[in-house]
A.B. asks: 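Structure provided below as structure tokens; questions to follow.
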Amino acid sequence: MLFDTHAHLNDSAFDPDRDTLIQGLPAAGVGHVMNVGCCLESSRDCVAMAETYPHIYASVGSHPDSADEVNQEVLDEYRMLCKHDKVKAIGEIGLDYYYEDIPRDIQQKAFRMQLELAQELQMPVIVHERDAHQDGLMIVKDFPTVTGVFHCYSGSAEMARQLVNMGWYIGFTGVLTFKNARNAVETATSIPLERIVLETDCPYMAPEPFRGKRNDPGYLFRMAEKLAELRGISVEEVENITTENAKRLYRL
Ligand code: NI
């Protein structure tokens, strides 16, 4: 069974068929899903969904696009939500200089505040980092006891090796299956298999040949097939190893 380490099943794209889709995941080969919060409101939704479905876990946190909501009150609610036994990580948190909807200094402050919370609670984090490789690496280095996953990894293979040496995991989405995915492919072939986790980031980022469609955890087998091809091992081995990795990452 595969483990989708990053999904947004609370997204409105799933409104028409959410329950059927989630109930059908084990039959589609997906045993577990980490449903990731992006802001206070979606984090609350994620916790509620994790309470409803045994195979769904939750994370809570504010994405860089919602960095301006992060204050002591929001952190207090995250701290409280983290007491729930299905909440397994803080995220997604980080930096996004590609869209840069929120000024960089505010993104960095929110990222640091949430890393501090993870440090205090000794929980893993889910990092979203886009076009902010240097600052992202610099900030996580300030929190040496905090690790987790760099999701939808887009940095260099060299940076991934540094992160792995610091105890981090690297998450790959459907981007791995895209024709122009040179960076992701180079990284996925050059770091230890024990540090790789698979994710859909659904409803976005559907893998080939479904690119452009609504993504869902049922497409995760495509990432597993691609990784098996790149590493010269069987899909079953990829399944076993990446699922073990995900369980270690989220301490299940
Ligand atoms: Ni995401």
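All values below come from the heavy atoms of this structure, side chains included, with hydrogens, waters and symmetry mates left out.
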A.B. asks: Report yes if some heavy atom in the side chain of Thr147 is under 4.5 Å from a heavy atom in the side chain of Pro124; otherwise report no.
C.D. replies: no
A.B. asks: Decide yes or no for Asp19 and Tyr53: does some side-chain heavy atom of the first lie under 4.5 Å from some side-chain heavy atom of the second?
C.D. replies: yes
A.B. asks: Does the side chain of Lys141 pick up a donor-acceptor pair with the side chain of Gln162 at under 3.5 Å?
C.D. replies: yes
A.B. asks: Describe, in one word, how the ring planes of Phe172 and Tyr153 are oriented to each other, choosing from parallel (under 30°), tilted (30 to 60°) and perpendicular (over 60°).
C.D. replies: perpendicular
A.B. asks: In terms of hydrophobic clustering (I, L, V, M, F, W, Y; side-chain heavy atoms under 4.5 Å; direct or indirect links), are Met113 and Val127 co-clustered?
C.D. replies: yes
A.B. asks: Applying salt bridge (Lys or Arg N to Asp or Glu O under 4.0 Å), can you list everything that pairs with Glu158, at least two apart in sequence or on another chain?
C.D. replies: Arg161
A.B. asks: Could you grab the distance from atom CD1 of Ile93 to atom CZ of Arg112, nearest 0.5 Å is fine?
C.D. replies: 11.5 Å
A.B. asks: Is it true that a side-chain atom of Arg130 and a backbone atom of Ser154 form a donor plus acceptor pair closer than 3.5 Å?
C.D. replies: no
A.B. asks: Using the rule that Ile, Leu, Val, Met, Phe, Trp and Tyr join whenever any side-chain heavy atoms are under 4.5 Å apart, tell me whether Leu220 and Val235 fall into a single cluster.
C.D. replies: no
A.B. asks: Do we see a donor-acceptor contact under 3.5 Å between the side chains of Gln107 and Asp96?
C.D. replies: no
A.B. asks: Considering non-hydrogen atoms only, spot the tightest contact between Thr5 and Ala246 and give its length.
C.D. replies: CG2-CB, 3.5 Å
A.B. asks: Tyr98, Phe111: one ILVMFWY side-chain cluster at the under-4.5 Å cut-off?
C.D. replies: no
A.B. asks: Hey, could you give me the CD/OG distance between Glu186 and Ser156, rounded to the nearest 0.5 Å?
C.D. replies: 8.0 Å
A.B. asks: List the steps and the verdict of salt bridge (charged side-chain N to carboxylate O under 4.0 Å, His left out) for Glu120 and Arg79.
C.D. replies: CA-CA 10 Å; Glu120 174 198 324; Arg79 185 181 287 106; 2.8 Å; yes
A.B. asks: When you check the gap from the basic side-chain N to the acidic O, do Arg248 and Glu244 get nearer than 4.0 Å?
C.D. replies: no
A.B. asks: Distance check, rounded to the nearest 0.5 Å: Leu9 atom CG versus Met34 atom CE?
C.D. replies: 12.0 Å
A.B. asks: His8 vs Cys38, test: side chain to side chain contact (heavy atoms under 4.5 Å, CB included). Steps then yes/no.
C.D. replies: CA-CA 9 Å; His8 301 284; Cys38 296; 3.4 Å; yes
A.B. asks: Before we go on, tell me: are the rings of His128 and His63 under 6.0 Å apart, centre to centre?
C.D. replies: yes
A.B. asks: Judged by atom type as modelled, is there a donor-acceptor pair below 3.5 Å linking the side chain of Thr173 to the main-chain atoms of Cys152?
C.D. replies: no
A.B. asks: Counting N and O atoms only, with roles assigned by atom type, does the side chain of Asn245 sit under 3.5 Å from a partner on the main chain of Leu193, one being a donor and the other an acceptor?
C.D. replies: yes
A.B. asks: Less than 4.5 Å apart, any side-chain heavy atom of Asp135 and any of Tyr97?
C.D. replies: yes
A.B. asks: State whether the side chain of Glu129 and the backbone N or O of Leu95 hold a donor-acceptor pair below 3.5 Å, judged by distance alone.
C.D. replies: no
A.B. asks: Could you tell me whether Arg251 atom CZ has more than 12 heavy atoms of other residues or ligands within 6.0 Å of it?
C.D. replies: yes
A.B. asks: With a cut-off of 6.0 Å (strictly less than), are more than 12 heavy atoms of other residues, nucleotides or ligands near CD of Glu41?
C.D. replies: no
A.B. asks: Just verifying a value: how many Å separate Thr145 OG1 and Gln122 CD, rounded to the nearest 0.5 Å?
C.D. replies: 7.5 Å
A.B. asks: Could you walk me through whether Leu198 and Leu227 pass side chain to side chain contact (heavy atoms under 4.5 Å, CB included), step by step?
C.D. replies: CA-CA 9 Å; Leu198 301 177; Leu227 186 61; 4.1 Å; yes
A.B. asks: Answer yes if the side chains of Asn10 and Asn35 hold a donor-acceptor pair under 3.5 Å, and no otherwise.
C.D. replies: yes
A.B. asks: Could you tell me whether the side chain of Phe143 reaches within less than 4.5 Å of the side chain of Glu116, counting heavy atoms only?
C.D. replies: yes
A.B. asks: Going by ring pair (Phe, Tyr, Trp, His ring centres under 6.0 Å), name the pairs with one or both residues in residues 196-216, residues two or more places apart or in two chains.
C.D. replies: Phe210-Tyr219
A.B. asks: If you take all heavy atoms of Arg18 and Met49, which pair is closest and at what distance?
C.D. replies: CD-CE, 4.1 Å
A.B. asks: Please tell me if the side chains of His32 and Lys247 come closer than 4.5 Å, counting only heavy atoms from C-beta onward.
C.D. replies: yes
A.B. asks: Check whether any side-chain N or O of Ser66 sits under 3.5 Å from a backbone N or O of Glu69 as a donor-acceptor pair, and report yes or no.
C.D. replies: no
A.B. asks: With side chains defined as the heavy atoms from C-beta onward, is the minimum distance between Lys88 and Met123 less than 4.5 Å?
C.D. replies: no
A.B. asks: Does the side chain of Leu40 reach to within under 4.5 Å of the side chain of Glu77, using non-hydrogen atoms?
C.D. replies: yes
A.B. asks: Other residues, nucleotides and ligands only: do more than 12 of their heavy atoms fall within 6.0 Å of CD on Gln23?
C.D. replies: yes
A.B. asks: To check you understand the geometry: which heavy-atom pair defines the closest contact between Ala188 and Arg231, and what is its length?
C.D. replies: O-NH1, 2.8 Å
A.B. asks: Walk me through it: do Ile90 and Tyr78 pass the test side chain to side chain contact (heavy atoms under 4.5 Å, CB included)?
C.D. replies: CA-CA 8 Å; Ile90 292 180; Tyr78 286 154; over 6 Å; no
A.B. asks: Hey, does the side chain of Thr177 reach the backbone of Glu208 with a donor-acceptor pair shorter than 3.5 angstrom?
C.D. replies: yes
A.B. asks: Please lay out, stage by stage, how Leu252 and Phe3 fare under the test side chain to side chain contact (heavy atoms under 4.5 Å, CB included).
C.D. replies: CA-CA 12 Å; Leu252 303 180; Phe3 194 134; 3.4 Å; yes
A.B. asks: Locate the shortest heavy-atom distance separating Gly218 from Leu25; write the atom from each residue and the value.
C.D. replies: N-CD2, 4.2 Å
A.B. asks: Linking I/L/V/M/F/W/Y whenever any side-chain heavy atoms sit under 4.5 Å apart, do Tyr57 and Val197 land together?
C.D. replies: yes
A.B. asks: State whether the side chain of Arg211 and the backbone N or O of Met205 hold a donor-acceptor pair below 3.5 Å, judged by distance alone.
C.D. replies: no
A.B. asks: Ser12 side chain to Asp15 main-chain N or O, any donor-acceptor pair under 3.5 Å?
C.D. replies: no
A.B. asks: When you group the ILVMFWY residues by side-chain heavy-atom contacts below 4.5 Å and let the links chain together, are Phe14 and Ile22 in the same group?
C.D. replies: yes
A.B. asks: Looking at Tyr169 and Arg195, what are the two nearest heavy atoms and their distance?
C.D. replies: CE1-NH1, 3.3 Å
A.B. asks: Just by modelled atom types, is the Gly61 backbone N or O under 3.5 Å from a matching donor or acceptor in the Ser43 side chain?
C.D. replies: yes
A.B. asks: List the atom of Thr200, the atom of Asp216, and the distance in Å for their closest heavy-atom pair.
C.D. replies: CG2-O, 3.7 Å
A.B. asks: Taking the side chain as every heavy atom from C-beta outward, state whether Ile170 and Val149 have any atom pair closer than 4.5 Å.
C.D. replies: no
A.B. asks: Counting only N and O atoms by type, is there a donor-acceptor contact under 3.5 Å from the side chain of Thr243 to the main-chain atoms of Met1?
C.D. replies: yes
A.B. asks: Does the side chain of Ser59 come under 3.5 Å of the side chain of Tyr250 through a donor N or O and an acceptor N or O?
C.D. replies: no
A.B. asks: When rounded to the nearest 0.5 angstrom, what distance separates CG in Asp68 from OG in Ser62?
C.D. replies: 9.0 Å
A.B. asks: Between the side chains of His6 and His151, does any donor sit under 3.5 Å from an acceptor?
C.D. replies: yes
A.B. asks: To the nearest 0.5 Å, what is the distance between CG (Leu121) and NZ (Lys83)?
C.D. replies: 8.5 Å
